[in-house]
There are 2 protein chains.
Amino acid sequence: MDQWPHDISQAAFRKAWPLEGEPLWQRVYDTHRDKMQIKNLHIALPNLERIFTCTFQLANAKGFQAMSLRDLSRATGISMGGLYAYIGSKDDLAAAIEEVLRRTLDDVMSERKVLDLAPVQRLRAIIHGDLYMNDIMHPWYYFCYLEAKGLSREQREAAMQMELKFDARLLQTFEDGVAAGLFASDALALLAANTTAMLQQWYLKRWKFARSGTRVEDYARFVLDTTLRNLGYRPA
Amino acid sequence: MDQWPHDISQAAFRKAWPLEGEPLWQRVYDTHRDKMQIKNLHIALPNLERIFTCTFQLANAKGFQAMSLRDLSRATGISMGGLYAYIGSKDDLAAAIEEVLRRTLDDVMSERKVLDLAPVQRLRAIIHGDLYMNDIMHPWYYFCYLEAKGLSREQREAAMQMELKFDARLLQTFEDGVAAGLFASDALALLAANTTAMLQQWYLKRWKFARSGTRVEDYARFVLDTTLRNLGYRPA
DNA sequence: GTCTATATCTGGATAGAC
DNA sequence: GTCTATCCAGATATAGAC
């Protein structure tokens with residue numbers, strides 16, 4: 001099995017998963033198409049970008065509920081009436097954000113190339129991949145975390161299932177490592193939840209990392225080292 | 001120095017810090033007195049309890065912004081006009097919640113008896129104390145975390161300072177341990193932030209702990225063990 | 001496709017009776 | 001101390017001109 005080396009650089013991730021610029025807004029358009037009246041992509045994509053970007057800024061500053069569509073209209077430069085050509089309703093806008101992130105995350109998490117790696121390398125790939133995605137789509141994660149209460153019951157449920165699925169994927173990797181005699185611990189489930197929490201810190205505590213000047217690669221290494229240490233792993 | 005044994009049971013904590021029932025509402029009354037028109041304690045305390053408890057329920061279900069004072073009026077059984085004898089405004093209610101939690105947390109964190117302990121015992125006391133307080137005042141923490149965006153700039157700043165202060169207290173304990181030759185690590189600050197994050201999980205991911213049936217004492221042990229392991233501590 | 005103007009409603013807050 | 005009735009700002013959403 002030629003599982004190693006596996007390129008875990010941020011550059012490689014960005015190349016494998018285009019989650020910024022036009023490909024992203026195309027993705028938004030695709031999942032959101034039925035709610036929109038605008039069919040011309042050359043007009044729709046830039047406006048979608050303005051609408052979503054400004055929503056993130058405003059929701060980040062005062063919360064989504066407290067942000068009015070008048071605020072959004074002013075920030076985007078699109079009139080109130082104009083906005084409704086792009087969204088079905090205000091709630092619909094929040095729902096679209098959650099849906100785009102969840103579908104994207106689901107795609108990235110299902111990547112076969114990662115799932116086939118040996119435990120330590122797989123862990124390394126999962127941690128780096130998740131942090132890079134966190135970093136690139138930071139506003140989306142942050143929004144979904146803080147505004148979850150405003151989403152529909154189905155969407156809240158789906159978000160919770162997504163986190164459990166992530167935990168389960170880590171746990172499976174840990175257990176594979178235990179079976180291979182690499183890891184040992186009597187609290188694997190709690191350790192998996194802790195690794196998930198460490199990763200979430202990257203978008204929840206961005207202010208703290210900015211303060212200390214920690215870069216994403218540094219933090220990725222810290223999370224990997226810490227997780228492996230907690231699993232009792234000793235490099236050969 | 002008679003620093004050990006130090007009682008770290010939940011019962012001992014509850015006895016040392018009465019954070020439930022009448023003492024709690026008395027505390028709320030004291031910090032909130034100037035905004036209230038009701039002076040009779042026998043009437044004020046039970047109504048404060050109803051108002052704050054229902055606010056937590058409603059804010060937890062749909063978010064504080066989305067909760068209307070009419071909702072709150074219905075839930076508490078107190079009329080709209082009646083509510084305004086207890087709060088200055090809706091925003092004022094949120095501010096009061098943050099202020100009560102922050103003052104209480106500040107009291108608990110400043111306890112001298114804990115600060116004088118040797119590093120490992122101090123760490124144990126900090127972790128247990130914080131988790132017990134998390135557990136008892138769960139709705140308050142959860143509210144402050146998720147509704148922080150709606151607070152004033154000063155209050156958001158104060159909440160951030162509080163977290164940095166908590167990190168710093170952990171870091172100081174770690175450094176004392178390093179100086180005593182007990183601990184060793186090249187990422188003390190990140191480890192402190194991680195311990196803080198682990199503790200916050202107790203109120204942020206309550207659904208997950210409920211699912212797995214993890215009790216607060218079990219989790220306290222896990223957090224302590226994990227932190228000590230990451231600090232390279234080996235019991236004598 | 002985008003705008004202005006407007007319908008409609010909800011929510012915070014207050015006045016004043018009891 | 002508590003309630004009812006009411007005021008009014010500001011929000012979502014839509015209709016229809018251009």
Side-chain angles (χ1 to χ4, degrees), chain A residues 25 28-29 32-52 54-55 58-59 61-97 147 149-152, chain B residues 25 28-29 32-52 54-55 58-59 61-97 147 149-152:
Chain A
W25 305 114
V28 172
Y29 179 86
H32 193 54
R33 188 198 313 257
D34 50 326
K35 301 285 171 45
M36 292 181 47
Q37 295 161 25
I38 316 298
K39 300 301 169 194
N40 184 337
L41 281 179
H42 295 289
I43 293 173
L45 295 194
N47 280 336
L48 277 178
E49 174 167 4
R50 291 234 293 288
I51 292 170
F52 279 71
C54 291
T55 299
L58 290 165
K62 44 162 62 176
F64 182 72
Q65 292 277 354
M67 168 199 96
S68 72
L69 290 186
R70 279 184 174 82
D71 292 334
L72 186 58
S73 166
R74 207 175 316 120
T76 56
I78 301 169
S79 67
M80 288 287 295
L83 285 179
Y84 277 88
Y86 290 88
I87 59 172
S89 70
K90 192 187 174 187
D91 285 350
D92 180 63
L93 174 56
I97 293 172
E147 307 294 346
K149 291 261 178 292
L151 299 173
S152 72
Chain B
W25 305 114
V28 173
Y29 179 85
H32 194 54
R33 189 199 312 258
D34 50 327
K35 301 284 171 43
M36 292 180 47
Q37 294 161 25
I38 316 297
K39 299 302 170 192
N40 185 337
L41 282 180
H42 296 289
I43 292 173
L45 295 194
N47 280 337
L48 277 178
E49 174 168 3
R50 291 234 294 286
I51 292 170
F52 280 70
C54 290
T55 299
L58 289 165
K62 44 160 68 174
F64 182 72
Q65 294 277 356
M67 168 197 94
S68 73
L69 289 186
R70 283 181 172 79
D71 292 334
L72 185 58
S73 167
R74 206 175 316 120
T76 56
I78 301 169
S79 67
M80 286 288 293
L83 284 178
Y84 276 88
Y86 291 87
I87 59 172
S89 70
K90 191 187 175 187
D91 285 350
D92 179 64
L93 174 56
I97 293 171
E147 306 295 345
K149 291 262 177 290
L151 299 173
S152 72

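Protein chains get the first letters and strands the later ones, always in sequence-line order, with residue 1 at the start of each.
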Within the distance-only criterion (no hydrogens, no angle test), does the side chain of B/T55 pair as donor or acceptor with the backbone N or O of B/I51 below 3.5 angstrom? yes
Among [options], find the nucleotide with the atom closest to the side chain of [X].
X: B/K39; options: D/dG1, C/dG1, D/dA13; answer: D/dG1
X: B/I38; options: C/dG11, D/dT12, D/dG1; answer: D/dG1
X: B/K90; options: C/dT2, D/dG1, C/dA13; answer: C/dA13

Remember a base hit wins even if backbone is also touched, and classify A/G77 as base, sugar-phosphate or nothing at under 4.0 Å, heavy atoms.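 Counting heavy atoms under 4.0 Å across all strands, the contact made by A/G77 is with sugar-phosphate only.
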Just call it for A/S79: base, sugar-phosphate, or nothing, with non-hydrogen atoms closer than 4.0 Å on any strand. base
Can you find a donor-acceptor N/O pair under 3.5 angstrom joining the side chain of A/R70 to the base of D/dG10?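 Counting by modelled atom types and ignoring angles, no donor-acceptor contact under 3.5 Å is found here.
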Do A/K90 and A/L72 make a side-chain contact, defined as non-hydrogen atoms from C-beta onward lying under 4.5 Å apart?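 Counting from C-beta outward, A/K90 and A/L72 never come under 4.5 Å.
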Euclidean distance, atom [atom1] of residue [X] to atom [atom2] of [N] [Å, nearest integer]:
X: B/M67; N: C/dG11; atom1: CE; atom2: P; value: 11 Å
X: A/Q65; N: C/dG11; atom1: CD; atom2: C1'; value: 13 Å
X: B/D91; N: C/dG11; atom1: CG; atom2: P; value: 16 Å
X: B/M36; N: D/dG1; atom1: CE; atom2: C1'; value: 11 Å
X: B/L72; N: C/dA13; atom1: CG; atom2: P; value: 12 Å
X: B/I43; N: D/dT2; atom1: CD1; atom2: P; value: 5 Å
X: B/M80; N: C/dG16; atom1: CE; atom2: P; value: 18 Å
X: A/Q37; N: D/dT14; atom1: CD; atom2: P; value: 10 Å

Does B/K149 make a cation-pi contact with A/F64 (under 6.0 Å, within 45 degrees of the axis)? no
According to a strict under-4.0 Å criterion, is A/Y84 in side-chain N/O contact with OP1 or OP2 of D/dA15? no
Would you tell me if any nitrogen or oxygen in the side chain of A/N47 comes within less than 4.0 Å of OP1 or OP2 on C/dT2?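 Checking C/dT2 against A/N47, a side-chain N or O does come within under 4.0 Å of OP1 or OP2.
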Please step through side-chain contact (heavy atoms from CB on, under 4.5 Å) for the pair A/H32 and A/D92, ending with a clear verdict. CA-CA 10 Å; A/H32 193 54; A/D92 180 63; 3.3 Å; yes
Contact summary for B/M36 and B/Y86, nearest pair of heavy atoms: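 Closest approach of B/M36 to B/Y86: CG-O, 3.4 Å.
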